[in-house]
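Notes for the one structure printed next.
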Protein chains: 2
Amino acid sequence: MKQTDKSKISTKDKILDVALDLFSQKGYMGVSVREITREVGIKESSLYNHFQNKDEILETIFNLFRQEFAKTLPPITVLDDILASSTLEGFFERGFQNFKEHINQPKNEKFWRILFIEQYRDPMAREIFLYDIIKSTLDFLEIVFEKLIALGKIKKMTPNLLASEYQYPMFSMLAEYNMLRFDQKDTSDIERKMKDHIHFFISTVKL
Amino acid sequence: MKQTDKSKISTKDKILDVALDLFSQKGYMGVSVREITREVGIKESSLYNHFQNKDEILETIFNLFRQEFAKTLPPITVLDDILASSTLEGFFERGFQNFKEHINQPKNEKFWRILFIEQYRDPMAREIFLYDIIKSTLDFLEIVFEKLIALGKIKKMTPNLLASEYQYPMFSMLAEYNMLRFDQKDTSDIERKMKDHIHFFISTVKL
DNA sequence: GTCTATAGCAGGATAGAC
DNA sequence: GTCTATCCTGCTATAGAC
């Protein structure tokens, strides 16, 4: 269980915090065990009391991300209520807003950055991308569009295609957003593009 | 100048070839100078007669890529002729076909893979992505859509928005394509999605 | 332009005392 | 669970002979 006392963080959690921060800046290979332990304030050898090896730290981080991201999509059971009580614009704007709040939490931004950095080096990162993010989001949206068609709110088109048309631009805009943040460059252009996309998309599918 | 005699490749070119291949598989940090020189068939010290350091090898590869990618977009001067002599479908299908031929050349696929791998570690990779690829493609397409509107072939909409709507999905589908190739998984699904996107897009903008 | 030899350092990980 | 001390390996890069 979590620490019962306030402000006390276990060494293991401190290691995870520091590793999350460093990995998100320099990538897994760019960070040494020495660096992590120096930042945590323990000796290298002590780290091995908490993790078998460096790899296990990243694996733990990835598993935490999986749990965290799964929370961003509402369960199908409450979807009907949400759809019934929202306008088309309201629904997608709220979804976008939710995601923005998710990624604006520093911890989540770091998760995402690690995932982007490691996607071509680490098979687990690729798996999370392809399944936990891309596939699960598209599957969710496919159901959303099926329901929207049934409700007579949008044109009759293949739900699967609609999901792709809505979501794929968001994926690459998010990747661009991430790259810009990496260099601390201005992101207002790409954020505006995301909004423009949502409105363009709605205008083309609306009945 | 290039070697005048046939089949003779300079050591420098051989180093670049081997580095391109290895970097595209394991990333810059995953490949050592030792590994490159072993594969080339020279000693580590000999490499430093051709490149100042390991970094300069990657830099040279990136500059070669810049040149190569610039060839994929037709010059604006011949664009009018192409547009006048093509149907809407024909124009975009041919563009997609051109790109497929580009990325199916093993050397180019390796270039792309390195770029994806290094985009969060190497500022130059990010610059190439943001400017040489994203910005230049969007700028090109913006001109294309301006001309198509002037020709009365598509609806009057903001050319900039049309460029984004056409191209951003292609970027993320290409990223997914790359990930799948990395694991030697089947890419027919994502290739079909690319085609579906082109047709969906055309159907929404066509007059 | 290639080689041998080596410097100089940083990496992950372990043994064993406390 | 933390420490000191250490191992071993691999890394980039250089000096200098041929």
Side-chain angles (χ1 to χ4, degrees), chain A residues 1-5 7-62 114 117-118 120-125, chain B residues 1-5 7-62 114 117-118 120-125:
Chain A
M1 274 291 117
K2 288 262 160 59
Q3 226 66 22
T4 49
D5 215 353
S7 70
K8 272 268 175 172
I9 312 171
S10 73
T11 303
K12 184 160 185 170
D13 285 344
K14 218 183 287 178
I15 292 170
L16 286 171
D17 265 10
V18 169
L20 179 70
D21 190 58
L22 293 175
F23 289 164
S24 75
Q25 289 175 51
K26 318 188 198 181
Y28 178 78
M29 296 196 80
V31 177
S32 65
V33 172
R34 282 211 226 294
E35 204 174 348
I36 297 171
T37 55
R38 194 195 316 132
E39 192 80 6
V40 172
I42 55 170
K43 295 294 169 189
E44 288 161 72
S45 53
S46 301
L47 184 138
Y48 294 91
N49 282 316
H50 303 283
F51 298 94
Q52 284 211 323
N53 50 42
K54 191 186 167 190
D55 256 54
E56 208 186 66
I57 302 174
L58 183 60
E59 211 185 303
T60 308
I61 288 176
F62 278 150
I114 293 177
I117 297 175
E118 302 304 329
Y120 288 96
R121 196 197 53 79
D122 192 306
M124 191 171 170
Chain B
M1 275 292 116
K2 290 264 160 59
Q3 226 67 18
T4 49
D5 214 352
S7 70
K8 273 267 176 171
I9 312 172
S10 73
T11 303
K12 183 160 186 169
D13 285 344
K14 219 183 287 178
I15 293 170
L16 287 171
D17 266 10
V18 169
L20 179 71
D21 190 58
L22 292 175
F23 289 163
S24 74
Q25 290 175 51
K26 317 188 199 180
Y28 179 78
M29 295 197 79
V31 177
S32 64
V33 171
R34 282 209 226 297
E35 204 174 348
I36 296 171
T37 56
R38 193 195 316 131
E39 191 82 4
V40 172
I42 56 171
K43 295 294 170 188
E44 288 161 71
S45 54
S46 301
L47 183 138
Y48 295 90
N49 283 314
H50 303 283
F51 297 94
Q52 285 211 322
N53 49 41
K54 192 187 167 190
D55 256 54
E56 207 186 68
I57 302 174
L58 183 59
E59 211 184 304
T60 308
I61 287 176
F62 278 151
I114 293 176
I117 297 176
E118 303 304 329
Y120 289 95
R121 197 197 52 80
D122 192 306
M124 190 170 171

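By convention in this document, chain letters (A, B, ...) are assigned in the order of the sequence lines, proteins followed by strands, and residues within each chain are numbered from 1.
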Between [atom2] on [N] and [atom1] on [X], what's the gap in Å once rounded to a whole number?
X	N	atom1	atom2	result
B/Glu56	D/dA13	CD	P	11 Å
B/Asn53	D/dT14	CG	P	8 Å
A/Leu47	C/dA13	CG	P	9 Å
B/Ile57	D/dT12	CD1	P	9 Å
B/His50	C/dC3	NE2	C1'	12 Å
A/Lys54	D/dG10	NZ	C1'	14 Å

Do [X] and [Y] have side chains that get closer than 4.5 Å, going by heavy atoms?
X	Y	result
A/Leu16	A/Phe51	yes
B/Glu118	B/Phe62	yes
B/Ile36	B/Val40	yes

base_contact_polar (C/dC3 base, B/Ser46 side chain, donor-acceptor, <3.5 Å)
no
A/Glu44 side chain, from C-beta outward: closest of D/dA15, C/dA13, D/dA13:
C/dA13
Taking only residues two or more places apart in sequence or in another chain, which ones pass side chain to side chain donor-acceptor pair (under 3.5 Å) with A/Asp21?
A/Gln25, A/Lys110
Check the pair B/Tyr28, B/Asp55 against side chain to side chain donor-acceptor pair (under 3.5 Å), reporting the backbone distance first and the verdict last.
CA-CA 9 Å; B/Tyr28 179 78; B/Asp55 256 54; 2.6 Å; yes
Pairing residues for B/Glu35 by the salt bridge (charged side-chain N to carboxylate O under 4.0 Å, His left out) criterion, not counting sequence neighbours:
B/Lys26
I'd like to know if the side chain of A/Ser46 reaches the main chain of A/Ile42, judged simply by a donor and an acceptor atom lying under 3.5 Å from each other, with no hydrogens or angles considered.
no
Counting any heavy atom closer than 4.0 Å, what does A/Lys43 reach on the DNA or RNA strands: base, sugar-phosphate only, or nothing?
base
Which is more 5' along DNA chain D, the nucleotide nearest A/Thr11 or the one nearest B/Gln52? Just name the residue.
A/Thr11
Please figure out whether A/Asp55 or B/Ile42 has its closest DNA chain C nucleotide nearer the 5' end.
B/Ile42
Tell me which residues in residues 21-38 of chain A lie within less than 4.0 Å of DNA chain C, going by non-hydrogen atoms.
A/Val31, A/Ser32, A/Val33, A/Arg34
